[in-house]
Amino acid sequence: MPELPEVETTRRGIEPHLLDQQVERVVVRNGRLRWPVPEDLDVRLSGQHIRKVERRAKYLLIQADAGTLICHLGMSGSLRLVPQGEPPGKHDHVDIELASGQSLRYTDPRRFGLMLWSHDPLSHKLLARMGPEPLGDAFTVDDLFAKSRGRKTAIKPFIMDNAVVVGVGNIYASEALFAAGIDPRREAGSVSKQRYARLVGEIRAVLARAIEQGGTTLKDFVGGDGKPGYFQQQLFVYGRGGLPCLKCGRELREAKLGQRSSVFCGHCQS
DNA sequence: AAATATACCTGACTGC
DNA sequence: TGCAGTCAGGTATATT
């Protein structure tokens, strides 16, 4: 499931193949994603050159001359380059055919992703009210701490709230809280500034490390199977409920927080 | 305003 | 082997 590091890995992987490329046509085989793919996407994009590939939160912004394709990979989506003529599989829903002879292929078994067209993506309803990028300068201890005051929700769903900070999904929220030694069930409003300082550092570190590791598979990713590599990352708690804590050896516990499964160590996290 | 629930979708897995 | 049931998860949106 693409989290921010995978989206960034995807961005880095596809960007060099897209920059200044002309779009020849867009083939939509199944436009029934989270919202319908615009009917006129082919008309909008064909003939245009791609000028930039940016990321905001987990959204990819593929900027062409006259507008921007906003793309989200949802839970199971991927974008990769394939030679034109490569037969599409069951879940290959969209091909953006380029003058280079390659196609940017969107695959998404669960169809939780989206593709929309916008003339001003950062003002788009979906992006306008988002919190700071976790790896950017606007993500500060002061800001996070201030937002937490008065919040009764547990700290894990709090840091997964896109209005607080973007791009921290279930995997990395779990890992960052473990690294910071904070119990994910703790009330956000009652966590000290000192502990938030630790958490900010760990969120940054875990995401940065994951992006680095995604980078190691970049080459394979573009040419190959489209699986960037967070699986290579050492995960301390995510998906390890009931198994021994890798720090203290005690059994990792599970809890449901904000409808999301959360694994933590009752000893290392308080 | 904030907290909570719901919906979307399908592959992987479990139990019979 | 097959079938029915359960779970996972990002996030917008509806409801309380």
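The chains referred to below are lettered A, B, ... by the order of the sequence lines, with proteins before strands, and numbering in each begins at 1. Side chains are part of it too, since the values below use all heavy atoms of this structure and drop only hydrogens, waters and symmetry mates.
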Quick one: does [X]'s side chain have a donor or acceptor within less than 3.5 Å of a partner on [Y]'s backbone?
| X | Y | value |
| --- | --- | --- |
| A/Q102 | A/L18 | no |
| A/R56 | A/L60 | no |
| A/Q63 | A/K52 | no |

Rounded to the Å, how far apart are [X] [atom1] and [N] [atom2]?
| X | N | atom1 | atom2 | value |
| --- | --- | --- | --- | --- |
| A/K156 | C/dT11 | NZ | P | 14 Å |
| A/H124 | C/dT11 | NE2 | C1' | 14 Å |
| A/L127 | C/dG10 | CG | C1' | 14 Å |
| A/N162 | C/dG10 | CG | C1' | 8 Å |
| A/Q259 | B/dA3 | CD | P | 14 Å |
| A/I70 | C/dT11 | CD1 | P | 14 Å |

Is there a side-chain polar atom (N or O) of [X] under 4.0 Å from OP1 or OP2 of [N]?
| X | N | value |
| --- | --- | --- |
| A/K152 | B/dT4 | no |
| A/Y59 | C/dA12 | yes |
| A/K58 | C/dT11 | yes |

message: Measuring from the side chain of A/M75 (C-beta onward, heavy atoms only), which nucleotide among C/dA12, B/dT4, C/dG9 has the closest atom?
response: C/dG9
field: Closest listed nucleotide, where the reference is the side chain of A/R260 and the choices are C/dA12, C/dT11, B/dA3
entry: C/dT11
Every protein N/O lying under 3.5 Å from an N/O of nucleotides 8-10 of chain B:
from	atom 1	to	atom 2	distance (Å)
B/dC9	O4'	A/R110	O	3.3
B/dC9	O3'	A/R111	NH1	3.4
B/dT10	OP1	A/R111	NH1	2.6
B/dT10	O2	A/R110	NE	3.3

Checking all strands, does [X] fall into the base, sugar-phosphate, or nothing category for heavy-atom contacts under 4.0 angstrom?
| X | value |
| --- | --- |
| A/L73 | nothing |
| A/S76 | nothing |
| A/F158 | nothing |

query: Within 45° of the six-membered ring axis of A/F178 and under 6.0 Å from that ring's centre, is NZ or CZ of A/K247 located there?
result: yes
- prompt: Looking at A/R198 and A/A180, what are the two nearest heavy atoms and their distance?
  reply: NH1-O, 3.3 Å
query: Considering heavy-atom distances to DNA chain C, does A/G74 or A/K125 have its closest nucleotide positioned more toward the 5' end?
result: A/G74
field: Whether over 12 other heavy atoms sit under 6.0 Å from A/D40 CG
entry: yes
message: Assess whether a salt bridge exists between A/D95 and A/R105, defined as any Lys/Arg side-chain N lying under 4.0 Å from an Asp/Glu carboxylate O.
response: yes
